[in-house]
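Reading through the structure tokens given below for one structure.
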Amino acid sequence: MSDMEAALNAARTRQIGGDNLGSSLNPTPDSGSRYDKPIVAAQEDGLPIIDISAFLDPSSSQEARQTTAKAINAACVNYGFFYLTGHGIPVSKLDEIVSLARDFFSLQLEEKNKIKRFDAGGPEGGDGARGYQGLGENVTGGLQDMQEAIDWYRDWDEDKKEAGDGGPCSVKTLQGSNLWPEKPAELKEVYLDYIERVKKVGEALVHAMGVALDLGPPARTTEQNTEDEEVFVRNCDTSFWVMRMIGYPPLTNPHTPGTGIDQFSCGAHTDYGCVTLLLTDPTPGALQVQLKDGTWLNADPIPGAFVVNIGDMIERWTNGLWKSTMHRVIHRGNKSRISVPFFYEPNFDAVVKPLKKCVEETSGKPIHEGSTYGDHLLTKVFSNFYYSKRTDW
Ligand SMILES: N=C(N)NCCCC[C@H](N)C(=O)O
Ligand SMILES: O=C(O)CCC(=O)C(=O)O
Ligand SMILES: [Fe+2]
């Protein structure tokens, strides 16, 4: 048995009624909050675990791919969340990503602010989506998130940049250059290599999702919106990916039983695009996923596996057959938590509208008339930051 298999088996054993359940069970219902259902422990079998290797290995059989596709369909219908294994990225590499993030966040604020997001605080113009964001600068559902982070995006093509500052709330916000810290010195190189690897996993996963929806064999076309099983692959062939490196200090406000939660590490939200490949340190009891009955399930990390969830564009494409599930982070405890989500997204210009087959399989009525992923992303980005000075939004 490999180390990874051993870790996985251990995790499964833990999940099924092991010691861990006690620690991840939050016995106090957060009634009074907007999301007022109790938090439950992982159920007996937890979130599904899916092995994606059949879609990464060109020599794998049709049967193997179908098995994987069926498991993905069930996971996406039931949860919109699952664990992903068989991705081929070595655990040592994943550990390095987490430990470099921890090293960065341990630096003095002055050092971190050297790559501060350009218009934090609201000076005119600027390209303010990329770079370091201090504690409380990110906002979810109107509340400041207790986290610090760096965002990196796919580079914007030089010849497609807009002239001028673009003014507030313009696409220019996303056209800046990525900002990389000087310390730790090796972070940039290690992260760039990771991005190349994790993008391949994202591509394999959206391919598998097209197969899971039974959209039929590829139509051998480059037209993005032909609705065959490679429709997501084509719409992501210049994926406008985002990688976010997050440090969560433990929350300071104690939670009074019977009252609403008034402080979040990351408030409840859905992700924006196709699939999120989430890497975290081993801290349990932080990330919570909302189940269909409204209860919250702790999605504790399994060593070597990604936690994957689907985003708003997949929900729209599938006409709600697969939901982009609400999730949130509540991190108490005594040590900072690290997470590094990689968001594998559609092309910025991809026009996303419900697939005919999915409309037929659901209500018969499209849930959206269609718009680009870029439009959706911009709306989200502009609602994400706490602008202390700006009043013109
Ligand atoms: N790029 C992505 N998907 N980032 C997800 C962040 C979600 C929280 C954000 N403040 C919000 O309110 O959406
Ligand atoms: O840190 C986590 O576990 C999840 C973070 C997240 O949901 C996000 O940044 O979109
Ligand atoms: Fe998220």
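Remember, it's 1-based here, ligands and their atoms both numbered in the order they're listed.
Within ligand 2, counting atoms from 1 as listed, the ones closer than 4.0 Å to a heavy atom of Val329 are 1 (O), 2 (C), 3 (O), 4 (C). For ligand 2, the atoms sitting less than 4.0 Å from at least one non-hydrogen atom of Ser339 are 1 (O), 2 (C), numbered in the order shown with element in parentheses.
The shortest contact between atom 7 (C) of ligand 1 and any protein heavy atom is with His269 CD2, 3.2 Å. Scanning the protein for heavy atoms near atom 5 (C) of ligand 2, the closest one is Tyr248 OH, 3.4 Å. When only non-hydrogen protein atoms are considered, atom 4 (N) of ligand 1 lies nearest to Phe343 CZ, 3.5 Å. Atom 9 (O) of ligand 2 has Ile246 CD1, 3.6 Å as its closest protein atom, hydrogens excluded (heavy atom only).
Checked against a 3.5 angstrom limit, the closest N/O atoms of Tyr272 and ligand 1 fall inside it. For the pair Asn138 and ligand 1, the shortest N or O to N or O distance falls below 3.5 Å. Of the polar atoms of Asn384, at least one N or O is found under 3.5 Å from an N or O of ligand 1, judged by distance alone.
Note on ring orientation: taking the six-membered ring where Trp is involved, the planes of Trp180 and Tyr191 are perpendicular (angle over 60°, cut-offs 30° and 60°). Ring geometry for His327 versus Phe81: interplanar angle over 60°, hence perpendicular rather than tilted (30 to 60°). Between Tyr132 and Phe104, the ring planes lie perpendicular to each other; the angle is over 60°, past the 30° to 60° tilted range.
Ranked by closest heavy atom to atom 8 (C) of ligand 1, the top entry among Asp312, Val139, Thr140 is Thr140. Of all the listed residues (His331, His269, His327, Arg337), Arg337 holds the heavy atom that lies closest to atom 2 (C) of ligand 2.
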- Item | Phe240 and Tyr153: CA distance, side-chain angles, deciding distance, ring pair (Phe, Tyr, Trp, His ring centres under 6.0 Å) verdict | CA-CA 7 Å; Phe240 197 66; Tyr153 290 77; 5.7 Å; yes
- Task: Decide ring pair (Phe, Tyr, Trp, His ring centres under 6.0 Å) for His207 and Phe55; before the verdict, give the C-alpha distance in whole Å, the side-chain angles of both, and the deciding distance to 0.1 Å.
- Result: CA-CA 8 Å; His207 180 199; Phe55 282 89; 5.4 Å; yes
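Neither the backbone nor the side chain of Thr276 has any atom closer than 4.0 Å to an atom of ligand 2 (non-hydrogen atoms only).
Taking the side chain as every heavy atom from C-beta outward, Phe342 and Val275 never approach each other to under 4.5 Å.
When the N, O or S atoms of Asp271 are ranked by distance to the Fe ion (ligand 3), OD1 comes first.
Under the 4.0 angstrom criterion for non-hydrogen atoms, Lys380 is not in contact with ligand 1.
Once rounded to the nearest 0.5 Å, the distance linking CD of Glu189 with CG of Leu100 reads 10.5 Å.
Both tests pass for Arg328 against the ring of Trp296: distance under 6.0 Å to the centre and angle within 45° of the axis.
Inclusion of Cys266 in the first shell of the Fe ion (ligand 3) is not supported: no N, O or S atom falls under 2.8 Å.
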